[in-house]
Amino acid sequence: MENNFLEVAIKEKARAIGFDACGIANASVSLRVDYVRQWLVDGKAGDMAWLAKNQEKRLDPNQVLPGVKSVVVVALNYFSPSSMASSACGKIACYARGEDYHKIMEARLKELAVFIQSCAGGDMKWYVDTGPVLEREMAMRAGLGWQGKSTMLISKNLGTWFFLGEILTTLDLQAGEAMRDHCGSCQRCIKACPTGAITAPYQLDARRCIAYLTIENRGPIPAEFRKAMGDRIFGCDDCLEACPWNRFAKNTREEKLKPLPSFSLQELLEFDEERFHYHFQRSPMKRIKLRGLQRNACVALGNVGNKSDIALLEKKVLEKDELVVEHAKWAIQEIQRRLLI
């Protein structure tokens with residue numbers, strides 16, 4: 001199949017199997033080598049040690065797939081307005097309120113890779129933020145969007161609400177045109193960040209980010225950030241919600257990404273391992289395990305809970321998990337301080 005027809009066929013197939021956008025990037029070495037290395041040296045990745053461990057692979061796709069020439073990048077819209085509503089259940093990042101996107105996207109990426117291979121051969125590897133790929137840079141090169149001042153990718157058609165996936169291939173495909181920056185003088189995302197994690201335009205210190213603190217961080221939430229967490233228990237969308245390009249956001253057409261049943265903060269603190277596994281086995285929230293979710297729920301109750309929640313928190317203080325115990329104690333003190341008990 002001629003290359004120019006192949007690119008069109010790939011994009012049409014991607015849309016046919018459920019992706020919302022598809023583009024192609026060349027697989028050359030990253031243009032952000034110096035920035036990524038300095039970001040890691042400065043410790044801004046926090047405890048995400050795997051980023052440093054695989055940094056050379058992230059910077060050079062040829063170290064991931066020898067002979068790679070092109071990267072097919074796809075986007076899947078996950079926006080669901082109902083998932084943005086305020087809830088007594090604690091705030092959960094929009095992307096995590098439905099089923100685990102990894103499984104949904106991996107199956108489709110495999111289908112797309114098989115299609116490409118059947119048309120033109122070549123070796124393939126595919127990832128959904130699980131492999132050493134600088135996915136936002138690749139998406140930008142492929143013309144799917146630009147990296148905004150929050151460091152998140154922004155699309156003219158999808159706003160900020162989409163997942164990315166990549167297929168690395170040894171096929172030499174025609175790359176798209178890189179998307180230029182359309183943020184202009186806007187700094188809404190920077191101003192919206194509750195903890196000042198966006199330290200300057202295009203600069204993120206993950207150690208201050210609520211998404212990092214509630215998900216990637218497996219230890220205690222630093223005391224200086226607990227009040228800023230508010231009632232968030234998994235991730236944070238504030239910088240995404242602030243982006244004016246979201247006026248073009250569309251509802252997801254993927255039923256599995258629409259919100260699953262949710263639970264009150266009090267119910268979450270009463271979960272045991274069996275109940276946690278039963279209710280969250282299809283959710284990306286299973287990643288932080290029960291102790292991580294209860295740690296976060298304690299902080300949320302400390303910020304928004306009432307006198308009636310103290311008895312439940314006192315029960316958590318008597319448990320063996322020191323991580324939960326510490327945050328339950330903090331929550332009790334905060335409720336007492338707020339309500340002058």
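The first residue in the sequence is number 1, and the count goes up from there.
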Is it possible for you to check whether Arg247 lies under 6.0 Å from the centre of the six-membered ring of Trp245, through NZ or CZ, and within 45° of that ring's axis?
yes
Tell me, please, whether Trp146 has Arg180 positioned over its six-membered ring: NZ or CZ under 6.0 Å from the ring centre and within 45 degrees of its axis?
no
Determine the sole option in Thr252, Asp20, Leu153, Leu76 for which the side-chain contact (heavy atoms from CB on, under 4.5 Å) test with Phe162 is passed.
Leu153
I'd like to know whether [atom1] of [X] has more than 12 heavy-atom contacts from other residues, nucleotides or ligands below 6.0 angstrom.
X: Glu177; atom1: CD; result: no
X: Lys329; atom1: NZ; result: no
X: Lys258; atom1: NZ; result: yes
X: His277; atom1: NE2; result: no
X: Asp34; atom1: CG; result: no
X: Arg282; atom1: CZ; result: no
X: Glu274; atom1: CD; result: no
X: Lys286; atom1: NZ; result: yes

If Ile, Leu, Val, Met, Phe, Trp and Tyr residues are connected whenever their side-chain heavy atoms lie under 4.5 Å apart, and connections chain through other members, are [X] and [Y] in the same group?
X: Trp330; Y: Val304; result: no
X: Tyr95; Y: Met48; result: no
X: Trp39; Y: Leu134; result: yes
X: Leu168; Y: Phe163; result: no
X: Phe225; Y: Phe234; result: no

For Asp129 and Tyr101, run side chain to side chain donor-acceptor pair (under 3.5 Å): C-alpha distance rounded to whole Å, both residues' side-chain angles, the deciding distance at 0.1 Å, then the answer.
CA-CA 10 Å; Asp129 74 23; Tyr101 63 96; 2.5 Å; yes
Inspect the contact between Glu111 and Lys13 and indicate whether a charged nitrogen and a carboxylate oxygen are less than 4.0 angstrom apart.
yes
For Lys316, is there an ion pair with Glu270 - N to carboxylate O distance below 4.0 angstrom?
no
Kindly say whether [Y] contributes a backbone atom to a donor-acceptor pair with the side chain of [X] at under 3.5 angstrom?
X: Lys250; Y: Leu158; result: no
X: Glu319; Y: Asp321; result: no
X: Asp100; Y: His102; result: yes
X: Ser155; Y: Gly145; result: no
X: Asn246; Y: Leu240; result: yes
X: Glu137; Y: Leu31; result: yes
X: Arg295; Y: Thr214; result: yes
X: Arg97; Y: Ser262; result: no
X: Gln294; Y: Leu268; result: yes
X: Ser118; Y: Phe115; result: yes

Are any of the side-chain heavy atoms of [X] and [Y] separated by less than 4.5 Å?
X: Ile221; Y: Met229; result: yes
X: Val73; Y: Cys22; result: no
X: Leu269; Y: Leu313; result: yes
X: Leu109; Y: Val72; result: no

What are the two closest non-hydrogen atoms of [X] and [Y], and how far apart are they?
X: Leu213; Y: Asn217; result: O-ND2, 3.3 Å
X: Glu241; Y: Trp161; result: CG-CH2, 3.8 Å
X: Lys69; Y: Thr170; result: CD-O, 3.6 Å
X: Leu51; Y: Ala45; result: CD1-CB, 4.0 Å
X: Ile154; Y: Cys243; result: CD1-SG, 3.9 Å
X: Asn62; Y: Gly67; result: OD1-N, 2.7 Å

Side-chain donor-acceptor pair present, Asn296, His327, cut-off under 3.5 Å:
no
Without hydrogens or angle criteria, can the side chains of Arg141 and Asn26 be said to hold a donor-acceptor pair below 3.5 Å?
yes
Candidate pair Asp205 and Tyr212, rule side chain to side chain donor-acceptor pair (under 3.5 Å), full reasoning
CA-CA 10 Å; Asp205 188 339; Tyr212 167 82; over 6 Å; no
Working to the nearest 0.5 angstrom, can you tell me the gap between [X] [atom1] and [Y] [atom2]?
X: Met152; Y: Leu204; atom1: CE; atom2: CG; value: 9.0 Å
X: Asp172; Y: Ser70; atom1: CG; atom2: OG; value: 5.0 Å
X: Tyr278; Y: Phe271; atom1: OH; atom2: CZ; value: 11.0 Å
X: Lys44; Y: Leu40; atom1: NZ; atom2: CG; value: 11.0 Å
X: Leu293; Y: Phe280; atom1: CG; atom2: CZ; value: 5.5 Å
X: Leu260; Y: Ile92; atom1: CG; atom2: CD1; value: 9.5 Å

Is the centre of the Tyr35 ring less than 6.0 Å from the centre of the Tyr202 ring?
no
Donor-acceptor pairs under 3.5 angstrom involving side-chain atoms of residues 188-201: please list them, not counting sequence neighbours.
from: Thr195; atom 1: OG1; to: Arg208; atom 2: O; distance (Å): 2.4

Applying side chain to side chain donor-acceptor pair (under 3.5 Å), run through Asp42 and Gln38 and close with a yes or a no.
CA-CA 6 Å; Asp42 291 342; Gln38 190 60 51; 2.8 Å; yes
Under the side chain to side chain donor-acceptor pair (under 3.5 Å) rule, what do Ser283 and Glu99 come out as? Steps first, then yes or no, please.
CA-CA 5 Å; Ser283 165; Glu99 294 188 24; over 6 Å; no
Derivation and outcome, salt bridge (charged side-chain N to carboxylate O under 4.0 Å, His left out), residues Glu334 and Arg337:
CA-CA 5 Å; Glu334 279 302 298; Arg337 183 192 61 79; 2.8 Å; yes
Let me see the working for Arg291 and Glu326 under salt bridge (charged side-chain N to carboxylate O under 4.0 Å, His left out), right down to the final yes or no.
CA-CA 12 Å; Arg291 70 193 302 255; Glu326 175 192 343; over 6 Å; no
Start with the C-alpha gap between Arg108 and Glu254, add the side-chain angles, then the distance that decides, and say whether salt bridge (charged side-chain N to carboxylate O under 4.0 Å, His left out) holds.
CA-CA 12 Å; Arg108 293 179 185 176; Glu254 176 51 61; 2.2 Å; yes
